[in-house]
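Sequence lines set the chain letters: A, B, ... in the order given, protein chains first and strands last, and positions in each chain run from 1.
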2 protein chains.
Amino acid sequence: MRLTTKGRFAVTAMVDLSMRQTRGPVTLAAISERQHISLSYLEQLFGKLRRASLVSSVRGPGGGYNLARPTGEITVADIISAVDEPMDATQCGGKENCIDDRRCVTHDLWATLNEKMNDYLSSVSLADVVSHQQGKQVQVIKHFRGTEGPAEAPAGKAAEKVAA
Amino acid sequence: MRLTTKGRFAVTAMVDLSMRQTRGPVTLAAISERQHISLSYLEQLFGKLRRASLVSSVRGPGGGYNLARPTGEITVADIISAVDEPMDATQCGGKENCIDDRRCVTHDLWATLNEKMNDYLSSVSLADVVSHQQGKQVQVIKHFRGTEGPAEAPAGKAAEKVAA
DNA sequence: TTATACCTGACGAAATTGGTCGGGTTTTGG
DNA sequence: CCAAAACCCGACCAATTTCGTCAGGTATAA
């Protein structure tokens, strides 16, 4: 899990998409204009997002992008790991042939920290970010109640956290 | 708060230092050998760590580095922000002249997320990492400690915090 | 006084970032 | 049918960052 401006662009674009998609597909051109991200860069990012099944595309005039899942089921971690390839960080490349006797210290160290980071970012959904962004706080969760089916653990937890 | 391999090297080195410093200062050469990080790169990193008052140096033979504070009082966030200059991310550079009417969306969005990230990494101390690393599996962290009050304040506050 | 070890700055190759360009392909609507 | 809208794709590029080398310093214990 790497955290760079690239991931930020992606999350920013996805938040924009979340807030507009109520009326059909959203074009990259519109996102580009609103968020001041170059169209070509957005195309690269959304190519990855599509391949990661986070968005779906509609081609032709009137087309654009839709979220592939409800906002409550897409996490910040999903987005970031879709566009930022994971940094390997353990120079032994996952093997256990590190010269040290008991696996190089970095192994478990980063595995643990990575996991923690991922846990956290996985607990923040697009819905959380959007609702907070709109100043409405937790209201969005109520909105979803009937239509969403059984609420997932991460989303619900995140909602509590934001509410707290 | 950026998260790259550079920060990982720094944390790795600091963990190594933590585990060895019981018997006097630790030389960079020793860390270099154990963690397979080049000596010159370590010197750059420790220059920053020293300037951030996270370590203190002892020159001359028998010298090396010591932690400037007990392991429980140095957090992962301290280390990372010492070596990774913060990513600015809001292309308006903190100004409010973003072309959008109501401050570009990225502003409050990243201020909030940044704050959350920082809260988490600030809740993990070197002592936590080391004890977990040594297989003790001490119930890792008491994280989620602070985040109650400030998080939900209207966006302006978070922005201020980051700007400060 | 010498070896140890920190300290500093300049320099560089490689990767990443953020973006451009020039082409496609699919689909709507006139 | 045909043109325009929009996604799709790969090559390419400047700037920056990453990771590291090199060549010197300076402080200090032995």
Side-chain angles (χ1 to χ4, degrees), chain A residues 1-13 17 20-21 24-33 35-52 54-68 80 83-91 106, chain B residues 2-13 17 20-21 24-33 35-52 54-68 80 82-91 106:
Chain A
M1 172 79 39
R2 188 165 32 176
L3 203 54
T4 68
T5 54
K6 188 177 190 174
R8 298 201 161 194
F9 276 121
V11 175
T12 299
L17 177 55
R20 311 273 168 172
Q21 75 151 11
V26 179
T27 71
L28 292 188
I31 296 177
S32 170
E33 196 176 337
Q35 305 301 331
H36 309 105
I37 305 172
S38 87
L39 180 59
S40 312
Y41 200 34
L42 279 177
E43 286 181 338
Q44 288 177 40
L45 295 178
F46 274 76
K48 293 184 175 193
L49 292 172
R50 185 173 48 84
R51 266 168 252 132
L54 296 181
V55 298
S56 61
S57 60
V58 179
R59 301 181 76 157
Y65 283 94
N66 291 305
L67 292 179
I80 289 177
V83 300
D84 262 332
E85 27 265 59
M87 62 173 151
D88 195 12
T90 58
Q91 62 270 48
T106 50
Chain B
R2 187 165 34 174
L3 202 54
T4 67
T5 53
K6 188 175 188 175
R8 299 201 159 194
F9 277 124
V11 175
T12 299
L17 177 54
R20 311 274 170 171
Q21 77 151 9
V26 178
T27 70
L28 293 190
I31 297 178
S32 170
E33 195 177 339
Q35 305 302 331
H36 310 106
I37 306 171
S38 88
L39 179 59
S40 311
Y41 199 34
L42 278 177
E43 285 179 337
Q44 286 176 42
L45 295 178
F46 274 76
K48 293 186 173 189
L49 293 171
R50 184 174 49 83
R51 267 168 250 130
L54 296 182
V55 297
S56 61
S57 60
V58 179
R59 302 181 74 157
Y65 283 94
N66 291 306
L67 292 180
I80 289 178
V83 300
D84 263 331
E85 25 265 58
M87 62 172 149
D88 196 10
T90 58
Q91 62 269 48
T106 50

**Complete:** Nearest heavy-atom contact between B/L3 and A/R2 is O-CG, 3.1 Å

**Request:** Measure the distance from CG on B/L45 to P on C/dT8 and round it to the nearest whole Å.
**Result:** 14 Å

**Message:** The side chain of B/T4 is closest to which nucleotide in this list: D/dG20, C/dG19, D/dT18?
**Reply:** D/dT18

**Request:** Look only at the side chain of A/S32 and the backbone of A/S38, and say whether a donor-acceptor pair between them is shorter than 3.5 Å.
**Result:** no

**Fill in**
Closest heavy-atom pair, B/P25 versus B/G62, reported as atoms and distance to 0.1 Å, is CG-O, 3.6 Å

**Prompt:** Could you state the CD1-P distance from B/I37 to D/dT18, rounded to the nearest angstrom?
**Reply:** 15 Å

**Request:** Whole angstrom is fine here: how far is it from CZ in A/R8 over to P in C/dT17?
**Result:** 14 Å

**Item:** Minimum-distance nucleotide to B/R2 side chain [options: D/dT17, D/dC9, C/dT17]
**Value:** D/dT17

**Message:** Judged by each residue's nearest nucleotide on DNA chain C, which is more toward the 5′ side, B/Q44 or B/L39?
**Reply:** B/L39

**Message:** D/dT21, OP1 or OP2 - any side-chain N/O from B/S38 closer than 4.0 Å?
**Reply:** yes

**Prompt:** Just how far, in rounded Å, is C1' of C/dT16 from NZ of B/K6?
**Reply:** 14 Å

**Message:** Does B/G47 reach a base, just sugar-phosphate, or nothing at all? Heavy atoms under 4.0 Å.
**Reply:** nothing

**Message:** Tell me the interatomic distance from B/L49, atom CG, to C/dC6, atom P, rounded to whole angstroms.
**Reply:** 13 Å

**Request:** When you get a sec, tell me which of D/dA5, C/dC21, C/dT17 is the closest nucleotide to the side chain of A/S40?
**Result:** C/dC21

**Asked** Which part of the nucleic acid, if any, lies within contact of A/L28, taking any heavy atom under 4.0 Å across all strands shown: a base, the sugar-phosphate backbone alone, or nothing?
**Response** sugar-phosphate

**Asked** Does any N or O donor sit under 3.5 Å from an N or O acceptor when you compare the side chain of B/R59 with the base of D/dT26?
**Response** yes

**Request:** Among the candidates C/dT20, D/dT17, C/dT8, find the nucleotide nearest to the side-chain atoms of B/E43.
**Result:** C/dT8

**Asked** Is B/R50 near enough to C/dT8 that one of its side-chain N or O atoms lies under 4.0 angstrom from OP1 or OP2?
**Response** yes

**Exercise: identify the closest heavy-atom pair between A/T12 and A/Q35** = CG2-OE1, 3.5 Å

**Message:** Once you apply a heavy-atom cut-off of 4.0 Å, does B/Y65 come out as touching a base, just sugar-phosphate, or nothing?
**Reply:** sugar-phosphate

**Request:** Give the minimum heavy-atom separation between A/G7 and A/V83, together with the two atoms involved.
**Result:** CA-CG2, 3.9 Å

**Complete:** Which of C/dT8, D/dG20, C/dT20 is nearest the side chain of B/Y41? It is D/dG20

**Asked** Atom CG of B/L3 and atom P of C/dT16: how far apart are they, to the nearest Å?
**Response** 16 Å

**Request:** Could you check how far CZ of B/F46 sits from P of C/dA5, rounded to whole Å?
**Result:** 15 Å

**Message:** Taking any heavy-atom pair under 4.0 Å as a contact, classify A/S57: base, sugar-phosphate, or nothing.
**Reply:** sugar-phosphate

**Item:** Spacing of A/D84 atom CG relative to D/dT18 atom P, expressed in whole Å
**Value:** 13 Å

**Message:** Go through it in stages, so that I can follow the logic: the residues are A/F46 and A/L17, the test is side chain to side chain contact (heavy atoms under 4.5 Å, CB included), and I'd like the CA-CA distance, side-chain angles, deciding distance and then a yes or no.
**Reply:** CA-CA 11 Å; A/F46 274 76; A/L17 177 55; 4.0 Å; yes

